[in-house]
Amino acid sequence: MSATTAVLPVDERLPLGRLVPLGLQHVLVMYAGAVAVPLIVGRALKLAPEQVALLISADLFCCGLVTLIQSLGVTKWFGIRMPVMMGVTFASVGPMLAMAADPALGITGIFGAVIGAGIVAILIAPFMGRLLPLFPPVVTGSIIAVIGISLMRVAIQWAVGGAAVQPMIADPAAAAGAPVHMIANPAYAALDNLGIALLVLVAILLIAKFAKGFLANIAVLVGIIFGCVVAALLGKMSFAKVGTAKLFSLVTPLQFGVPTFDFFAILTMTLVMIVVMIESLGMFLALAEMTGKRLTQADLSAGLRTDGVGTVIGGLFNTFPYTSFSQNVGLVGVTGVRSRFVCVAGGVLLMVMGLIPALGALVEAVPQFVLGGAGIVMFGMVAATGIRILADVDYRSTRHNLFIVAISIGFGMIPLVAPEFFLHAPKALAPLLHSGILLTAIVSVALNLYFNGMKSAADAQREAAAGAAHAEAG
């Protein structure tokens, strides 16, 4: 096949028998994060259980729909056409909880703020897409490394039982009215749960080393299934919710009423969207490095514009802001499968789960400690990709690059090692200051401009093309 007709790895069309399990892998990786936000916000709004279930079904359906737009592409304006899974961003949780506590806003005010911020995001996406010259390898490598390191926190939370399982709990044996006495939570990091997480990790490593072909590509899925079997045999995996879940539930827009629009609520959510769009930019650059695809400004604009249109769709269909899910980037590195149609398959599965709650309940039954073993592998691959990019940076003739890497990664660690570091900063800056990825992006871009200046757009595109060629050769 000639070079002009060769199909890029991201455009490779795999047979259906491979697409479904590969897509299911992506769904399993993102499911816990995808349903967490509607659970948190629904409980904060004191919604009835059936209304929370409605939020979850709507979220899964929209996750799938927006994933299709992003990975498959809809005209040249929407979709980056890379293996990207879309999910609700955690950066929106804090502002939405504040809105939930305001009787003047409530759930319709939240949806109005989401729709308004999504429209603004669509309008500013072309400007954000022109930022490519600001992201040479010394910047992208630092950002991608911090993305992987930051995600390790998620993997570790999964391994100990999930973010909802706290290390200390009130003593249940304490007498009524007695002072609260905190004791170690026996469910937190229980040795049997950690053992299952370790078994999943070992299974993935064994498959990666000894398996060939398609089995090697679904190492994470097989490892998770193995962990589920062990957990079920030990009585640690319940299928009760699967039996009681509905077989079909239609997702329709505006089920909670007509959205209401508040200027300051929209402004707050717009700040969140700017944050997540910068983070998405980092995800796209990481995937470009992994897949060998050259990204242009138009590609970046189309991807970021999809964050906006997905957020508008979310507000209309009773759910929340959408962004590219970083959890799934590592899976591309682990499997080596770079086809975007794998994520198309994952998007279809998510839409089906949104319409058939019983399927969603089956995936939800997977214990989070099972996902923990897989998460360490996947998120470590993201960090390793950033390190590989940084290994190609010139530190000899441009010694200032060491300062850029050192200081930007240092700032990125602040939210991880000292979550209260910015305790006395203005609350309006919380979405910015509590994101290690965003702090790394801002600091690395600023330091690179200070030490190295800004290259032209043409130079930046040539550098991106060279990086893509390097990734393809690797």
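Computed from heavy atoms alone, side chains included, the values below leave out hydrogens, waters and symmetry copies. Here, residue 1 is the first one in the sequence, and each next residue gets the next number.
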Beyond-backbone contact of Lys236 with Ile196, side-chain heavy atoms, under 4.5 angstrom = yes
Between Asn185 (side chain) and Met168 (backbone), is there a donor-acceptor pair under 3.5 Å?
-> no
Under the 3.5 angstrom rule, does the side chain of Gln70 hit a backbone N or O of Ile80 as a donor-acceptor pair?
-> yes
Please walk me through it: do Val165 and Gln157 pass side chain to side chain contact (heavy atoms under 4.5 Å, CB included)?
-> CA-CA 9 Å; Val165 182; Gln157 285 178 338; over 6 Å; no
Phe403 atom CZ, neighbour heavy-atom count above 12 within 6.0 Å | no
Any donor-acceptor N/O pair, Ser408 side chain to Val405 backbone, under 3.5 Å | yes
Could you check whether the rings of Phe256 and Phe111 sit parallel, tilted or perpendicular, using 30° and 60° as the cut-offs?
-> tilted
Just wondering, more than 12 heavy atoms not from Phe264 lying within 6.0 Å of its CZ?
-> no
Side-chain contact test, heavy atoms from C-beta onward, threshold under 4.5 Å: evaluate it for Gln255 versus Thr252 and give yes or no.
-> yes
Would the number of heavy atoms belonging to other residues, nucleotides or ligands and lying under 6.0 Å from CZ of Phe411 be above 12?
-> no
With respect to Val337, which candidate in Thr291, Val332, Leu22 satisfies the side chain to side chain contact (heavy atoms under 4.5 Å, CB included) definition?
-> Leu22
Scanning both residues in full, the closest heavy-atom pair of Met96 with Pro321 reads SD-CD, 4.2 Å
Quick check: does any side chain N or O of Ser280 sit under 3.5 Å from a backbone N or O of Leu304, one acting as donor and the other as acceptor?
-> no
Distance, nearest 0.5 Å, that separates CG of Leu221 from OG1 of Thr335 = 11.5 Å
Distance from Leu54 atom CG to Ser249 atom OG, nearest 0.5 Å?
-> 6.5 Å
Does the side chain of Thr440 come under 3.5 Å of the side chain of Ser142 through a donor N or O and an acceptor N or O?
-> no
Student check: side-chain heavy atoms of Phe422 and Ile414 closer than 4.5 Å | yes
Asn328 side chain to His26 backbone, donor-acceptor under 3.5 Å = yes
Does OH in Tyr450 sit with more than 12 non-hydrogen atoms of other residues, nucleotides or ligands closer than 6.0 Å?
-> no
Minimum side-chain heavy-atom gap Pro415-Leu433 below 4.5 Å | no
What is the minimum heavy-atom distance between Met86 and Met30, and which atoms define it?
-> O-CE, 3.3 Å
Write down the atom of Met273, the atom of Thr311, and the distance for their closest heavy-atom approach.
-> CE-OG1, 3.4 Å
Which heavy atom of Phe239 sits nearest a heavy atom of Ala232, and at what distance?
-> CE1-CB, 4.4 Å
Any side-chain heavy-atom pair from Asp262 and Leu105 closer than 4.5 angstrom?
-> yes
Minimum heavy-atom distance Ile115-Val312, with the two atoms named | O-CG2, 3.8 Å
Value rounded to 0.5 Å, distance of CD1 in Ile144 from CZ in Arg388 = 9.0 Å
If you look at every heavy atom in Leu45 and Ala100, which pair is closest and at what distance?
-> CD2-CB, 3.5 Å
Step through the shown structure and confirm whether more than 12 heavy atoms of other residues, nucleotides or ligands are within 6.0 Å of CG on Leu191.
-> no
Would you say Leu233 has more than 12 foreign heavy atoms packed within less than 6.0 Å of its CG?
-> yes
OG1-CG distance between Thr108 and Asn318, expressed to the nearest 0.5 angstrom | 11.5 Å
Interatomic spacing from CD1 in Ile122 to CG in Asp307 - rounded to 0.5 Å = 10.0 Å
Find out whether Asn401 and Leu390 are in side-chain contact, i.e. whether some heavy atom of one side chain is under 4.5 Å from a heavy atom of the other.
-> no
Do Phe320 and Ile110 come within less than 4.5 Å of each other through their side chains, counting heavy atoms only?
-> yes
Check whether any side-chain N or O of Arg340 sits under 3.5 Å from a backbone N or O of Ser71 as a donor-acceptor pair, and report yes or no.
-> yes
State, with a plain yes or no, whether a side-chain heavy atom of Val393 is found less than 4.5 Å away from one of Pro137.
-> yes
Any donor-acceptor N or O pair under 3.5 Å, side chains Tyr188, Asn193 | no
When you look at CZ of Phe261, are more than 12 heavy atoms from neighbouring residues, nucleotides or ligands closer to it than 6.0 Å?
-> yes
